[in-house]
Amino acid sequence: MSKQLISMSVNGKKLEQAVEPRTLLVHFLREQLNLTGTHIGCDTSHCGACTVDVDGKSLKACTILAVQCHGSEVMTVEGLAQGGALHAIQDAFYKEHGLQCGFCTPGMMIRAYRLLQENPNPSEDEIRIGMSGNLCRCTGYQNIIKAVQHAAKTLSASGLKVAA
Amino acid sequence: MIPPSFGYSAPSSLPEALKLLAQHGDEAKILAGGHSLLPMMKFRFAEPGHLIDLNRVDELKGIREEGGLIVIGAMTSESDLIASKLLTQKLPLLAETALQIADPQVRNRGTIGGDIAHGDPGNDHPAIMLVLDATFVLSGPKGERSVPASKFFHGTYMTDLQASEILKEIRIQPFAAKTGYAYCKLKRKTGDWASAAAAVVLTMSGDKVSTLRIALTNLAATAIRAEAAEADLQGRPLSDANIDAAAKAAMAICDPAADLRGDVEYKTAMAGEMVKRAIRLAATRCR
């Protein structure tokens with residue numbers, strides 16, 4: 001099938017590319033844009049390793065076509081750190097040991113980023129429900145929850161809203 | 001996994017979508033949230049030649065009140081059902097159900113119309129539509145027609161929706177005051193389909209059942225109404241013995257497929273348990 005021209009903003013950078021309709025967003029990000037922070041885990045929308053932010057919503061990039069994101073604003077884990085400084089969520093995962101093998105971590109962090117904008121002061125239960133679409137096969141959930149709580153505290157103490 | 005090649009259109013209106021559907025005929029498949037269709041295409045279980053993506057058709061999104069009915073656009077996402085204040089007030093069963101479907105990311109894409117039109121007996125909205133006595137508005141080349149939920153689900157992946165038609169909206173009578181409701185779903189993990197699930201809508205007259213509707217998910221080739229179980233409780237108090245009898249009547253119509261979620265006997269037993277829990281939970285809300 002012929003390629004279609006799509007334009008979108010990825011981590012604040014506008015771009016235009018030709019894609020086959022069958023190209024999944026996750027393959028577009030990883031293989032056409034070389035943004036390999038977004039991982040492919042189960043490839044069937046269960047594990048959340050491929051979670052990205054599209055137009056202010058968390059989505060699983062393995063189950064959406066790149067052409068469907070024409071005109072969208074996409075944010076991946078590469079968009080978290082600014083000016084060489086870790087984002088509060090990355091710092092919290094580091095400080096609270098919120099990762100073991102690290103495979104699920106990009107999806108966890110980009111999901112936590114959106115969760116904390118939807119709900120800046122979540123209870124532990126709300127974090128568990130909000131993060132329920134992301135699996136950690138090391139089963140390191142306790143520290144992941146702690147990391148999200150840590151980030152929530154840092155972000156609210158700083159008085160800054162999480163960058164939109 | 002990458003799906004086989006296909007063409008892609010993203011119309012911005014329903015007439016445009018219907019035109020594309022007529023143009024591409026049997027080759028075409030409607031893309032809603034994509035969380036059933038795209039995995040099926042990746043596994044090569046489905047190989048449509050052309051996808052017509054409804055995500056840019058704004059007229060198919062949203063929840064409104066019209067002529068005393070709640071009208072839900074087919075492309076309304078599960079997340080939007082959960083967030084809707086109108087539904088919280090008038091049909092809280094829908095948000096309770098949507099919260100038990102998949103996970104937050106999937107609920108941002110998955111739509112109520114896709115869940116219904118796909119015809120998968122594991123999907124949750126069909127049973128809800130049966131207990132709510134919903135009406136589906138289908139748009140086709142010759143105009144619109146309305147089909148009650150009770151006549152829509154013909155078999156696994158088979159519905160009354162014709163290849164030339166698109167599910168436009170769902171129309172539902174809001175709950176009367178003091179209507180109890182519940183959707184009890186047993187699943188192995190977040191994101192799984194039901195091992196067994198039961199939907200209940202209930203009103204009481206004093207201590208006796210006034211109206212009752214029960215429907216089951218993933219326990220037959222389609223979602224099914226448990227009419228004998230409803231009749232068992234009609235006009236009677238919700239005693240343990242009466243609830244047990246209704247659960248047995250519901251189990252008698254179960255014909256689940258054995259799979260990794262359990263064998264026929266286990267799923268049937270769990271169906272009975274979900275019916276009991278849903279009736280009891282609904283009863284606590286009849287006030």
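The sequence lines fix the lettering, A, B, ..., with proteins before strands; numbering per chain opens at 1.
The two residues A/R22 and B/S5 make their nearest non-hydrogen contact at NE-OG, 3.5 Å. Residues A/R111 and B/P104 come closest through the heavy atom pair NH2-CB, 3.6 Å.
Counting heavy-atom neighbours within 6.0 Å of B/K189 NZ, excluding the residue itself, gives a total above 12. With a 6.0 Å radius and a threshold of 12 heavy atoms from other residues, nucleotides or ligands, A/L5 has its CG atom above the threshold. By the neighbour-count criterion of 12 heavy atoms within 6.0 Å, atom NZ of A/K57 is sparsely surrounded, having that number or fewer from other residues, nucleotides or ligands. Counting heavy-atom neighbours within 6.0 Å of B/K19 NZ, excluding the residue itself, gives a total of 12 or less. Within 6.0 Å of atom CD in A/E96, more than 12 heavy atoms from other residues, nucleotides or ligands are found, so the atom counts as buried in its surroundings.
Residue with the most contacts toward chain B among A/T51, A/I40, A/V26: A/T51 (heavy-atom pairs, distance under 4.5 Å). For the set B/N108, B/L31, B/D192, B/D53, the count of heavy-atom pairs under 4.5 angstrom toward chain A peaks at B/N108.
Between B/K42 and A/T44 there is no side-chain heavy-atom pair separated by less than 4.5 Å.
Contact annotation for A/H27: only side-chain heavy atoms (C-beta onward) come within less than 4.5 Å of a heavy atom of chain B. Only the side chain of B/L51 has a heavy atom closer than 4.5 Å to any heavy atom of chain A. Both the backbone and the side chain of A/L59 come within contact range of chain B, each with at least one heavy atom under 4.5 Å from a heavy atom of that chain. Contacts of A/S45 with chain B are made by both backbone and side-chain atoms, with heavy-atom separations under 4.5 Å. Contact of A/Q68 with chain B is made through backbone and side chain together, with heavy-atom distances under 4.5 Å. Interface remark: B/L99 contributes no atoms to any contact with chain A (heavy atom separation under 4.5 Å).
In this structure, NZ on A/K60 lies 7.0 Å from NE2 on B/H35, to the nearest 0.5 angstrom. Distance CG/B/D103 to CG/A/N134: 7.5 Å, rounded to 0.5 Å. We find the CE-SG distance between B/M1 and A/C42 to be 8.0 Å, quoted to the nearest 0.5 Å.
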Side chain to side chain contact (heavy atoms under 4.5 Å, CB included) assessment of A/L65 paired with B/F6 | CA-CA 12 Å; A/L65 304 167; B/F6 53 84; 3.8 Å; yes
Take B/Q105 and A/T63, measure what side chain to side chain contact (heavy atoms under 4.5 Å, CB included) needs, and give me the verdict at the end.
-> CA-CA 10 Å; B/Q105 289 96 312; A/T63 311; over 6 Å; no
Working for side chain to side chain contact (heavy atoms under 4.5 Å, CB included), residues A/E20 and B/I2 | CA-CA 11 Å; A/E20 273 191 87; B/I2 300 167; over 6 Å; no
